[in-house]
Structure formats: structure tokens, C-alpha cells
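Worksheet for the structure shown next.
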2 protein chains.
Amino acid sequence: MARDGKPTRDKILAESKTLVFENGFSGTSIDQILERTGITKGAFFYHFKTKNALAQALIEEFARDDIGHMQEALQKAGELHSDPLDRLLQFIQEFVDMMSDLTDPPSCLYASYTYEPSQFKPEILEFISETLLTWRKTFEQLLEDVLKEYNAKVEVDIAALANLFTVIFEGSYVVSKALNDPALVSGQLAQLKNYFQLLFEKK
Amino acid sequence: MARDGKPTRDKILAESKTLVFENGFSGTSIDQILERTGITKGAFFYHFKTKNALAQALIEEFARDDIGHMQEALQKAGELHSDPLDRLLQFIQEFVDMMSDLTDPPSCLYASYTYEPSQFKPEILEFISETLLTWRKTFEQLLEDVLKEYNAKVEVDIAALANLFTVIFEGSYVVSKALNDPALVSGQLAQLKNYFQLLFEKK
DNA sequence: AAATTTTTACAAACTAGTTGGTATGTTTAA
DNA sequence: TTAAACATACCAACTAGTTTGTAAAAATTT
């Protein structure tokens, strides 16, 4: 190895992500990325064969961080509570805390890509789908554990309940951005906590 | 008036909306619009001075329909129920019904624009913000009416509760698209109904 | 009511600038 | 000195937007 290319690659990824959230993916030109990073076209295409390869690297990094947060919260909730409902509520609380002092509205790359799907190779969209399904499965497990010791006061669809977490996350991001209200996100997640608190009663 | 240009204009708007949901706004070229509509550049720029003027017309039409649905549901809920909680639940049920037999995942232009904000003039983004606030105000009114006759079982933030409707709508659109599951939307709105049913008890 | 003028609603061809991507070099560190 | 990590210059295709022209309907005049 000659010079270390990782700082350059990381810089491309970081600045690209910011740009994609501002302009969308197809609205982000490679020239813009070069401007922000201070590198040249040769450097860019050394690290990424095509613009779509950048898209793929971006979403993979985003998903890695995302799933990382999920597992951290899962572990913390498991450590703090043995009761399955407390664990579920703590899991949500972890994200309420995480989102409680944002200075800017957050953005999700899944949503960004989902609203211009034709720009990406099918495998990228499938990867997003699979990542969201990972979230759902995790949440389904948490819910099933709850249902062993709790009854639901109204009839519930477990899959729908499990999706609700991601739905509120994605939705609160959109609305938070549209209203320029970063604090909105944690407030919405708190509603989900309320819902579960109201829904389940000890057997 | 000479020849009637309205059919042409409407065709541009309809095809453009479809294209924007496929490619994003900046990913949609005017040439693509011309291909789909079968018109020429002269015709396009006769009806819309700039591409951004199209963006504005698109969002205004979308918001008009959107607010229209809101008022329809509001009226119907008001006709069917005098009890404020029943009215609130019926209001949501109207949208559950509306979304219950989708064949494709739906899309929202607010979210689409929000994830490439730099492409639009500030007034367009403000217009989106104001439209979402209209939703919130309507929902706040419904909730306040409920709280006159009902108590909330847990402490609630009315603004957060009012936002939750839009949040679940936007979020379910994103997740529905990402998972290619059109049925998901109505299932998520049903959760919101559950929440309110559990939350309020007669004074 | 017939002839003329004006306006609307387009069509076709063009332009200046931008796009993603490439070909060919140069630098740098092991 | 060799391969990795860039830099420079370039290109064909595409971009939004413009220019110029024209058919037809509506408005105005005769």
C-alpha cells in the first residue's frame, strides 16, 4: 500500500451523505462532492467505480450504524429489565433519549432512496427492505415475549405492531424536517411508549 | 381563449407526478415528461415557465386534494357521530377505509420534496409546512373536543398527539414503499385508532 | 356576416452549461 | 521500483431553457 486512502474514502462518504440529504441522490452531482471534499474526479472514481457504487456504500454504512444502534438498545434494555414489557418500553426509551437533544431534524437514507427508487439498482432497494425487516423481526420478538406474560386489551396484529416502530421513526423524520422541528421525533416515539403501556396488562 | 390547453396541462401534471414518485424531482427530466405525455418542449414551457413552476403546481394540486380528503372525512365523521371520541375514531376510520384496498404503495409529495429540499424555492417548503400545520390544527380541535368529555389515562401532549396522525401517514407510506406492502398503511392507521380507544375514558 | 387582426396553444430546432465517466498521466510511500 | 492513490484534461450525452414559427380559435372591425 502506498498512501492511505481511507481518510479520503471516509470524507467522500461523509460529505456525500450530507449532500444527498440536501439534494436527493440524483440531485447530488459528483462535481458537488468534489467541491465539498476538495478532491478531484480521479480520486473519486478511484474509490467508487460508479455513482451507484457510492450509493451502495452509503446505504451499507448507514444500515451498519442503524442496526448497531438497534443492538445497543436491545442489549441495554435487556440489562436493565427482566420483565418483557419493561424491556420493550426501555428499548423505545433508548431512542427517545437518543433523539431528545437534536439541533437539526434528522434524515433517513432509506426514506431518501425510497422516494427516488428508479435511481438505484434493485439490490440496493432489496437491501433496504431486508434491513427494515430486521427491525421488524427484532420488535416482533420483543412483543412475543411480552405476550407470554401480558394480555393485550384490544386484539392486535403483531406484525403491524412491530412495524409501528419503524413507521413512527420514518414518519417523524419526515414531519420533523417538513416543520423544521427536531424535538418532534422523541415526542412521537414517546407516544408509541404510551400505546404499549396502555395496551398490555399483566396476565 | 383559443384551443383548450387544460387537457395538456392536466396530462403534464399527472405524468409528472408519477415520474417524480419514480425518480424524485431532480431525477425527473423535462425530456422524460415530454416522452410520457407525447408533447413537445414548446408546449411544456408554454404551460410552465420553469421546471420549478411545475414543482409548485404539482404540490399545490396535491395539497388541494389532500386537504379535500381531510374535510370530507371531517364532515362524514361529524355526520355519523355526535360523541367527540366516536367522531375522532370515525375520522381515522375514513382513512383506514380509503387505504384498505390499495394495489400499489402510495406516495406523498410532501415527503418526496422534503428529502431533496434544496431543489425547491423556500416558499414551496413553507407551503408544505403550512399544509401539515392545517392537518395538525384540525386534529388538535378533534382532540380538544374529546378532552371536554373524556380523561386521558396517561398525561398527554396535545400537539404531539395531533402530529401522530400525519407521522403515521408519512411513515407508513415510506415503509409501505420500502417493503412493497400496500396493505401496511391501513394497518398502521388502525393502530392509531387503538391508541386513542385505549387512551381516553369517559369522565 | 364576412374580412381582418389578435391571442392561444402548441411544434421544431437550437444553445449554453452540466452530467457521469474515462484516458492518461504524476506523486507518494513502502 | 512498484503499486496505490491520486491529478488533469477531456468527452459524449444530457440538462433546462430559448428562439422562431405556425395552425386555429376568438375578438374586432367592416
Side-chain angles (χ1 to χ4, degrees), chain A residues 1-59 112-113 116-124, chain B residues 1-20 22-59 61 112-113 116-124:
Chain A
M1 193 180 1
R3 280 169 289 177
D4 183 13
K6 190 162 186 300
T8 303
R9 193 188 134 95
D10 287 347
K11 207 172 179 186
I12 294 173
L13 286 172
E15 296 296 333
S16 297
K17 191 167 73 175
T18 305
L19 280 166
V20 168
F21 287 142
E22 291 169 4
N23 314 321
F25 181 74
S26 76
T28 299
S29 72
I30 292 170
D31 282 345
Q32 278 178 303
I33 297 170
L34 305 185
E35 235 180 271
R36 290 242 184 148
T37 54
I39 65 165
T40 61
K41 218 157 236 197
F44 178 89
F45 281 103
Y46 171 76
H47 287 286
F48 302 99
K49 259 220 281 277
T50 64
K51 198 191 174 192
N52 228 266
L54 169 67
Q56 183 150 0
L58 275 176
I59 200 79
S112 177
Y113 283 21
E116 41 178 345
S118 76
Q119 309 293 332
F120 309 99
K121 283 187 296 181
E123 46 184 306
I124 290 185
Chain B
M1 198 184 358
R3 281 169 289 173
D4 185 12
K6 192 164 184 301
T8 301
R9 194 188 132 97
D10 287 348
K11 209 174 179 187
I12 295 173
L13 285 172
E15 296 296 332
S16 297
K17 191 168 70 174
T18 305
L19 280 166
V20 168
E22 291 170 3
N23 314 322
F25 181 73
S26 74
T28 300
S29 73
I30 291 169
D31 283 344
Q32 279 177 304
I33 297 170
L34 305 184
E35 239 180 84
R36 289 243 183 146
T37 54
I39 64 165
T40 62
K41 218 154 237 197
F44 178 88
F45 281 103
Y46 170 76
H47 287 286
F48 303 98
K49 259 220 280 279
T50 64
K51 199 191 173 193
N52 227 266
L54 169 67
Q56 182 149 1
L58 275 176
I59 201 78
E61 196 195 39
S112 177
Y113 283 20
E116 42 178 344
S118 77
Q119 309 294 331
F120 309 100
K121 284 186 295 182
E123 46 184 304
I124 289 184

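Scope of the values below: all heavy atoms of this structure, side chains included, with no hydrogens, waters or symmetry mates. Throughout, a chain's letter reflects where its sequence line sits, starting with A, and its residues are numbered from 1.
The two residues N23(B) and S26(A) have their closest heavy-atom pair at O-OG, 4.1 Å. Closest approach of Q119(A) and N52(A) over heavy atoms only: O-ND2, 2.9 Å. For the residue pair L19(A) and T28(A), the shortest heavy atom distance occurs at O-OG1, 3.2 Å.
In this structure, T40(A) and L34(A) have side chains that are not in contact, with every pair of non-hydrogen atoms separated by 4.5 Å or more. Taking the side chain as every heavy atom from C-beta outward, D31(A) and E35(A) never approach each other to under 4.5 Å. Looking at I33(A) and L54(A), their side chains come closer than 4.5 Å, going by heavy atoms from C-beta outward.
Counting to the nearest Å, the P atom of dC14(D) and the NZ atom of K51(B) are 16 Å from each other. Taking atom CZ of residue F25(B) and atom C1' of nucleotide dA16(D), one finds them 11 Å apart after rounding to whole Å. Atom CG of D31(B) is separated from atom P of dC14(C) by 16 Å (rounded to the nearest Å). The distance between atom NZ of K6(B) and atom C1' of dA25(D), rounded to the nearest whole Å, is 19 Å. With rounding to whole Å, D10(A) atom CG is found 13 Å from dA5(D) atom P. Rounded to whole angstrom, the span from the NZ atom of K11(A) across to the C1' atom of dA5(D) amounts to 15 Å. Y46(A) has its OH atom 13 Å from the P atom of dA3(D), to the nearest Å. To the nearest angstrom, P of dT18(D) lies 10 Å from CD1 of I30(B).
Dashed line: the shortest gap from a side-chain N or O of S29(A) to OP1 or OP2 of dT18(C) is not under 4.0 Å. Dashed line: the shortest gap from a side-chain N or O of H47(B) to OP1 or OP2 of dC10(C) is under 4.0 Å. Taking only side-chain nitrogens and oxygens, T8(A) comes nearer than 4.0 Å to OP1 or OP2 of dC6(D).
Two end axes, each from the C1' atoms of five base pairs, can be drawn for the helix from dA1(C)-dT30(D) to dA30(C)-dT1(D); they diverge by 20°, to 10 degrees.
Nucleic acid contact class of T28(B) (heavy atoms, under 4.0 Å, all strands): sugar-phosphate only.
Closest-nucleotide positions on DNA chain C for G27(A) and F45(A) were compared, and the one nearer the 5' end corresponds to G27(A).
R36(B) and E22(B) are joined by a salt bridge, as a carboxylate oxygen and a charged side-chain nitrogen come within less than 4.0 angstrom of each other.
Relative orientation of the F120(B) and F25(B) rings is tilted, given thresholds of 30° and 60° on the angle between their planes.
Shown for residues 33-44 of chain B: residues whose heavy atoms fall under 4.0 angstrom of DNA chain D, namely K41(B).
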